[in-house]
Amino acid sequence: MKTITTMSLALSTAVILLASSCSKDNNDVTPVVSKLTTKTVADLDGSTGNVYYSLSTGTQVTGADTATNKWDLKFKSTSIFVNSGTSGIGTTQGQVVSSTFETLLAAPADGYKADATGANAITGWYTYTADTAPTHAILTVPGKIFVIKTSAGNYAKVEMISYYKGNPNTTTADFADLTKRPASRFYTFRFAYQGDGTTSFK
Amino acid sequence: MHIYISLFLLTALTVTNARAQQRDTLKKDSASRQLKEVVITGTRTLKSLQQVPIPITRITSEEIKKRGLVRLNEVLSEQTGMTILDDPHGQGIQIQGFDPAYTLILIDGLPLIGRSTGILELSRITTNNIDRIEIVKGPTSSLYGSEAMAGVVNIITNEPVKGFTGGLAGRYGTNKTADLSVNSAYKTDKFYISGFVNRYSSGGYTLQPSSGVPTVSPFEGYTFNGKTAYKFDDNTSLRLSVRYYTNNQDSRFLVDDNRYAAGKGTEKDFNIAPVLTHRFSKKDVSVLQLYRSTYKTNSDIRYEDNGSVYDQTYFNQTFNRGEIQNDYALTGNLKLTAGAGGQYETVEATRYTKQQSFTSGYGYFQADWLPVKKLDIIAGGRYDAHSVYKSQFSPKLAASYALSSKLTILGSAGKGYKAPDFRQLYLNFTNAEVGYSVFGYEEAAAGIQRLQQEGQIETVLIDPSTLKRLNAESSTSFNFGYRYKPTDKLYWTTNVFRNNIDNLIETAAIAIKTNGQSVFSYFNLNKVFTQGIETDLSYQLFKPLQVAAGFQYLEAYDQDVLDQIKAGEVFTKDPETNLTKVIKRSDYGGLLGRSKYTWNVRVNYLDEKTGINVSVRAIYRGRYGYKDSDGNGIVNRDDEYTKGYVLVNASLSKMFMKDAIRVQLTAQNLLNYKDSLVILNLPGRLIYAGLAYNFSK
């Protein structure tokens with residue numbers, strides 16, 4: 001099961017990459033060298049505490065670096081923080097737009113917010129099922145794409161995929177069974193980071 | 001109360017003395033039934049079932065008894081194009097894709113009140129003392145006013161026959177569910193009096209035995225019904241009917257991890273209606289009708305551990321009406337009906353700031369014209385003026401044409417409306433556990449101001465002073481179909497329908513509280529439509545065997561969602577990859593709780609020689625959306641639907657002593673279908689034994 005999920009994830013990522021490169025070839029008359037990097041991060045482990053991530057390097061940030069502006073996103077349970085305002089010393093800002101990941105081809109010009117008390121820039125990315133089956137689950141909401149403006153002024157788009165280890169299918173009986181449900185606070189997400197400072201995600 | 005007891009005793013005494021036996025309705029031959037096939041609900045005048053130009057179903061007491069059914073929800077759940085919805089607020093009826101709030105429930109033409117979030121619990125109504133049920137589909141607001149948007153279910157109670165009559169009936173079975181009735185009547189040429197008592201009780205059931213909490217708690221309900229009429233002369237008569245219903249239910253909840261709360265809830269419903277009928281001439285009849293109805297509930301739920309109050313509520317509603325209707329036959333082929341009335345309604349409840357009241361007045365008019373014998377045209381309209389919301393005009397035009405003596409085609413177009421109810425206007429409610437608040441439109445400004453003064457408001461999303469006045473919900477509907485009766489053995493009806501519903505009232509957040517919860521109020525928001533086709537066919541295969549089947553195809557969509565889907569703004573997650581996808585029109589499953597496909601098959605075998613009747617029905621309800629698990633607010637993914645299911649109900653009965661006694665075995669949900677997480681009104685297989693006795697002398 002897990003291998004199938006991972007394989008399908010890998011496959012779909014490959015398809016997406018292929019699709020985006022295809023569209024680039026088709027649309028641009030004079031191809032420019034885009035600095036767009038797309039990556040799927042599987043099971044970023046936040047089960048033992050806060051976890052920090054840098055979109056520019058595509059790696060987890062740990063240790064003393066978590067007190068710097070080197071990270072962009074921080075995951076803590078169901079809260080996602082950007083490195084600014086009440087959350088960090090950086091100037092990372094963000095907003096949530098309604099779109100699919102693939103069709104969001106440019107970052108909005110404005111609308112970015114820093115984190116503030118009780119008002120994070122990134123909200124509304126999950127639903128809590130409470131007593132509806134699958135009970136007490138955190139499910140990612142479709143069409144919520146985070147657009148992040150990093151401390152360096154570069155843009156990235158992020159889609160949350162899963163809150164559970166192994167990115168499980170949340171519609172199965174196994175997932176509904178609380179004794180069989182994979183561990184939570186394992187974040188799977190994909191992002192595209194534009195390193196050239198433009199708002200383009202092509 | 002003591003009147004009923006003496007009535008009961010009277011009946012009990014007479015039973016032992018009875019000499020002559022009354023034929024049970026079970027075996028009435030079909031010829032006499034055909035003659036009596038008239039209906040009143042569609043036009044508020046008696047009309048032949050074949051001719052009336054709107055979709056109407058007529059269920060006789062005979063049919064209900066053959067099936068061993070005793071409550072209105074049981075009867076309606078087996079009808080083509082009707083679905084009983086499972087809801088924590090009660091079992092209500094869905095007609096043409098409308099929620100239960102949009103179907104008016106009448107007893108002898110007078111509306112029942114007492115709804116919980118729009119749902120009138122249908123098991124409140126016994127079918128033991130009725131003559132027939134008439135169901136009109138499509139809007140009948142042109143005659144009945146508010147709430148009659150999807151249709152009307154009219155329960156027509158028994159008229160006694162001459163002499164002294166009476167009977168006893170009982171049914172007992174699974175879950176200690178018992179239904180007992182006693183009736184007695186006396187009638188002369190000028191006068192009649194009849195009494196009816198019913199007791200309906202159950203031990204309840206649980207779908208989650210490990211929880212220690214009942215799904216349906218034990219209850220005990222009583223219905224008392226008394227009717228009397230006096231004919232002054234050939235032209236003037238007076239009738240008085242009184243109905244009282246009371247129900248006690250013990251409930252028990254799991255409040256949080258280990259705390260239980262329990263207590264008693266009481267429900268009381270009282271109706272009284274004097275009706276004076278006077279015939280000025282053969283052509284001119286007037287009916288003056290007064291009606292008062294009250295509905296009261298009371299509940300006191302306490303924590304089991306320390307006896308402190310968990311929830312203590314009451315709800316008192318009254319409805320008063322005076323109405324006069326005049327029927328005038330202008331010529332042989334043109335009949336005019338006109339009526340006018342006034343209503344006064346009040347509500348007082350824990351969740352309302354103070355006693356609230358409505359006054360309204362209305363007038364209606366209808367012309368029933370047969371320009372040629374084969375063509376029947378009905379045009380009419382009703383105007384409602386109301387003290388709180390905008391006045392409504394509901395016109396209607398309907399026609400039927402007999403292509404031959406066997407085939408009639410019919411079509412109608414009309415407007416229906418539903419007034420904002422007390423809850424939508426005056427509710428003042430804060431959920432003690434979760435902490436959200438809901439204010440009716442009229443309470444919103446004061447409510448927000450109060451919460452602001454208490455420092456409970458974080459942000460106001462919509463300034464209450466900018467709220468638009470709440471309007472009635474309205475629909476424009478079209479029905480078109482035929483009735484085909486080539487022989488006495490075959491009867492086939494089909495109806496195609498479309499309802500465009502506007503100004504649906506929904507809740508939306510108007511402020512965010514400091515506790516992170518929202519403050520909600522009511523708005524005229526959505527535009528939805530329902531459309532579909534319904535068909536029903538019955539055939540007398542050979543003398544004792546009748547087979548019948550019904551089918552409905554239904555679509556019910558939110559127009560705003562369709563527009564958003566068209567604009568590519570609605571998303572889902574692929575369950576395999578959890579990646580976002582755009583939703584297509586074909587992915588959209590429509591409104592919650594609507595099955596696209598429903599059908600039923602009915603077989604009845606009656607052996608007149610032995611008095612044995614076998615009735616078997618299979619009722620299918622196709623899958624329907626019941627939740628939104630992918631967070632886009634609509635039904636689209638397979639896991640958001642229930643499974644479709646078939647219920648098989650059957651009844652076996654035998655008559656004894658010249659049809660005076662009926663012994664019956666009834667089973668509901670023979671296949672024992674359950675979906676204990678989703679469908680809470682299906683306790684599994686139910687087996688009942690029944691006995692009925694009737695007499696006349």
Side-chain angles (χ1 to χ4, degrees), chain A residues 1 4-13 15-16 40 42 97-104 117-119 123-135 137-145 157-164 166-173 175-176 187-190, chain B residues 88 207-208 211 213 253-257 433-434 436 458-459 509 512-518 564-565 567-584 587 592 625-643 675-680:
Chain A
M1 185 61 218
I4 295 173
T5 324
T6 321
M7 272 170 64
S8 57
L9 197 68
L11 193 69
S12 50
T13 314
V15 170
I16 291 149
T40 298
V97 300
S98 286
S99 175
T100 62
F101 186 79
E102 295 83 356
T103 54
L104 185 70
T117 310
T123 55
W125 66 273
Y126 72 93
T127 51
Y128 173 61
T129 58
D131 292 329
T132 318
T135 57
I138 300 293
L139 305 179
T140 55
V141 175
K144 298 284 181 193
I145 307 299
K157 57 177 178 177
V158 182
E159 178 180 16
M160 285 304 295
I161 296 170
S162 177
Y163 185 65
Y164 294 93
N167 183 24
N169 181 338
T170 59
T171 66
T172 61
F175 185 80
Y187 307 95
T188 295
F189 58 95
R190 59 172 165 169
Chain B
L207 291 169
Q208 307 288 348
S211 69
V213 178
F253 308 97
L254 180 63
V255 180
D256 41 52
D257 284 344
E433 278 154 56
V434 187
Y436 65 87
E458 174 84 41
T459 39
I512 306 287
K513 293 169 92 169
T514 46
N515 63 4
Q517 294 292 330
S518 298
Q564 285 165 20
I565 289 174
E569 291 164 358
V570 187
F571 310 103
T572 183
K573 289 252 171 176
D574 185 312
E576 293 297 331
T577 62
N578 289 320
L579 298 178
T580 293
K581 287 197 305 190
V582 178
I583 280 190
K584 296 190 297 269
D587 297 329
L592 289 169
Y626 78 101
K627 66 170 181 181
D628 165 40
S629 62
D630 59 1
N632 58 10
I634 65 163
V635 173
N636 55 282
R637 225 163 58 173
D638 281 347
D639 62 306
E640 299 177 347
Y641 291 90
T642 63
K643 286 193 196 97
D675 186 342
S676 58
L677 287 176
V678 181
I679 306 170
L680 302 184

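Proteins come first, then strands; the chains are lettered A, B, ... in the order of their sequence lines, and each starts at number 1.
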Any donor-acceptor N/O pair, B:Asn578 side chain to A:Pro168 backbone, under 3.5 Å: yes

Report the residues that fulfil side chain to side chain contact (heavy atoms under 4.5 Å, CB included) with B:Tyr626, sequence neighbours left out, ordered by chain and then residue number. B:Tyr624, B:Thr642, B:Val678

Examine distances only and state if a side-chain atom of A:Tyr163 and a backbone atom of A:Thr188 form a donor-acceptor pair shorter than 3.5 Å. no

Please state whether the side chain, the backbone, both or neither of A:Thr140 comes within less than 4.5 Å of a heavy atom of chain B. both

Give a yes or no answer on whether the side chain of A:Arg190 reaches the backbone of A:Ala42 with a donor-acceptor pair at less than 3.5 Å. no

Please classify the contact between B:Asp639 and chain A as side chain, backbone, both or neither, with a heavy-atom cut-off of under 4.5 Å. side chain

Below 4.5 Å from any heavy atom of chain A, which atoms of B:Lys573 appear? Answer side chain, backbone, both or neither. both

Heavy-atom pairs under 4.5 Å with chain A are the metric here; pick the option from B:Thr572, B:Leu677, B:Val570, B:Asn632 that has the most. B:Thr572

